[in-house]
Amino acid sequence: VQLQASGGGSVQPGESLTLSCVASGRTITGATMTWFRQAPGKEREFVAAITWNGAKTYYRAGVMGRFNVSRDDPNNTVHLQMDRLEPEDTAVYYCATEGLRIDSFSAIVQYRRYPFWGQGTQVTVSS
């Protein structure tokens, strides 16, 4: 599966962005979809995920209540709505999937498990 992330940009603190990840090559139906991010000099970190059936969503503590992950299976797309952005959110954001029905949070957050990655989209939050 090929993933294409888009929607990044430069915004001021408190503003919003919506990232999109479009999959091609196979359907995302039945696959848990995850967003990670990586800031310069830091390790890639989990941001949010939505399980294969949309029944569960997971967020890292620092974005809970500000970010919302959703999926649009008919259009093979996953979105990450990011509100009240903070400078600490500055990073390259990646969508990823194992192509599998993963429900376990402890598994979902392990970025090394993922074979399929988008190319990343830069988000910069600065005044």
Side-chain angles (χ1 to χ4, degrees):
V1 59
Q2 291 78 46
L3 302 174
Q4 180 77 32
S6 63
S10 295
V11 297
Q12 294 189 341
E15 295 186 337
S16 300
L17 282 173
T18 299
L19 306 183
S20 297
C21 175
V22 180
S24 60
R26 60 163 283 178
T27 178
I28 66 170
T29 299
T32 293
M33 302 297 295
T34 308
W35 289 93
F36 292 88
R37 67 187 182 189
Q38 188 164 17
K42 294 188 176 181
E43 191 173 10
R44 194 164 295 191
E45 63 183 19
F46 167 78
V47 178
I50 185 165
T51 55
W52 58 277
N53 57 359
K56 295 182 181 179
T57 55
Y58 299 105
Y59 301 92
R60 69 178 297 105
V63 308
M64 207 171 295
R66 299 189 297 119
F67 288 14
N68 182 68
V69 59
S70 61
R71 62 189 298 149
D72 178 3
D73 283 18
N75 288 303
N76 241 20
T77 302
V78 179
H79 300 288
L80 183 67
Q81 171 71 35
M82 305 186 295
D83 296 326
R84 302 193 304 280
L85 282 160
E86 302 171 354
E88 293 73 23
D89 297 317
T90 295
V92 178
Y93 283 69
Y94 300 90
C95 57
T97 186
E98 293 185 66
L100 301 173
R101 298 182 177 188
I102 308 297
D103 294 310
S104 164
F105 177 74
S106 62
I108 287 171
V109 299
Q110 297 179 41
Y111 71 88
R112 298 181 193 277
R113 295 173 55 99
Y114 288 75
F116 305 113
W117 291 86
Q119 84 288 3
T121 184
Q122 176 71 46
V123 172
T124 302
V125 185
S126 174
S127 55

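Scope of the values below: all heavy atoms of this structure, side chains included, with no hydrogens, waters or symmetry mates.
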Identify the heavy atoms of Gly120 and Val92 that sit nearest to each other, and give their distance. CA-CG1, 3.8 Å
Gap between atom OG of Ser16 and atom CZ of Phe67 - 0.5 Å precision: 9.5 Å
How close do Lys42 and Gln38 get, heavy atom to heavy atom, and via which atoms? O-NE2, 3.0 Å
To the nearest 0.5 angstrom, please state how far the OG1 atom of Thr97 sits from the CD1 atom of Ile50. 12.0 Å
Cluster partners of Val22, using ILVMFWY side-chain heavy atoms under 4.5 angstrom, listed by chain and number? none
With distance as the sole test, does Ser20 use its side chain to make a donor-acceptor pair with the main-chain N or O of His79 at under 3.5 Å? no
As an exercise, state the distance from CD of Glu45 to CH2 of Trp35, rounded to the nearest 0.5 Å. 14.5 Å
With no hydrogens and no angle check, do the side chains of Thr18 and Gln81 hold a donor and an acceptor under 3.5 Å apart? yes
Identify the two heavy atoms, one from Ala23 and one from Val1, that lie closest to each other, and give their separation to 0.1 Å. CB-CG2, 3.9 Å
Can you see which heavy atom on Thr34 is nearest to which on Tyr114, and at what distance? OG1-OH, 2.9 Å
Using atom types as modelled and distance alone, determine if a side-chain donor or acceptor of Arg71 lies under 3.5 Å from a backbone N or O of Thr51. yes
Could you tell me whether a side-chain N or O of Asp72 sits under 3.5 Å from a main-chain N or O of Thr77, the two making a donor and an acceptor? no
Which pairs count as salt bridge (charged side-chain N to carboxylate O under 4.0 Å, His left out) when at least one residue sits in residues 91-107, sequence neighbours excluded? Glu98-Arg113
If we count only N and O atoms by modelled type, under 3.5 Å, do the side chains of Thr124 and Gln122 hold a donor and an acceptor together? yes
Is the side chain of Tyr111 donor-acceptor paired with the backbone N or O of Arg37 at a distance under 3.5 Å, no angle test? no
Gln119 side chain to Gln4 main-chain N or O, any donor-acceptor pair under 3.5 Å? no
Is a donor on one side and an acceptor on the other found under 3.5 Å between the side chain of Arg60 and the backbone of Val109? no
Closest non-hydrogen contact found for Ala107 with Ile102 is CB-CG2, 4.0 Å
Under 3.5 Å: donor-acceptor pair, side chain of Asp73, backbone of Ile28: no
What distance separates Met33 CE from Trp52 CH2, expressed to the nearest 0.5 Å? 15.0 Å
Does some side-chain heavy atom of Tyr94 sit less than 4.5 Å from a side-chain heavy atom of Leu19? no
Does the plane of the ring in Trp117 sit parallel, tilted or perpendicular to the ring in Phe36? Use 30° and 60° as the thresholds. tilted
Kindly say whether the aromatic ring centers of Tyr58 and Phe46 come within a distance under 6.0 Å. no
Cluster overlap Leu100 with Ile108, hydrophobic side-chain contacts below 4.5 Å: yes
How about Ser10 and Ser126: do any of their side-chain heavy atoms sit closer than 4.5 Å? no
Shortest non-hydrogen contact from Ala39 toward Ala91: N-CB, 3.8 Å
Pair Met82, Val123 - check side chain to side chain contact (heavy atoms under 4.5 Å, CB included), show working. CA-CA 10 Å; Met82 305 186 295; Val123 172; 3.8 Å; yes
How many angstroms lie between atom CG of Asn68 and atom CG of Asp83, to the nearest 0.5 angstrom? 8.5 Å
Please test Leu85 against Glu15 for side chain to side chain contact (heavy atoms under 4.5 Å, CB included), starting from the C-alpha separation and ending with a verdict. CA-CA 6 Å; Leu85 282 160; Glu15 295 186 337; 5.5 Å; no
Examine Met64 and Val69 and state if one hydrophobic cluster contains both, with Ile, Leu, Val, Met, Phe, Trp and Tyr joined whenever side-chain heavy atoms are less than 4.5 Å apart. yes
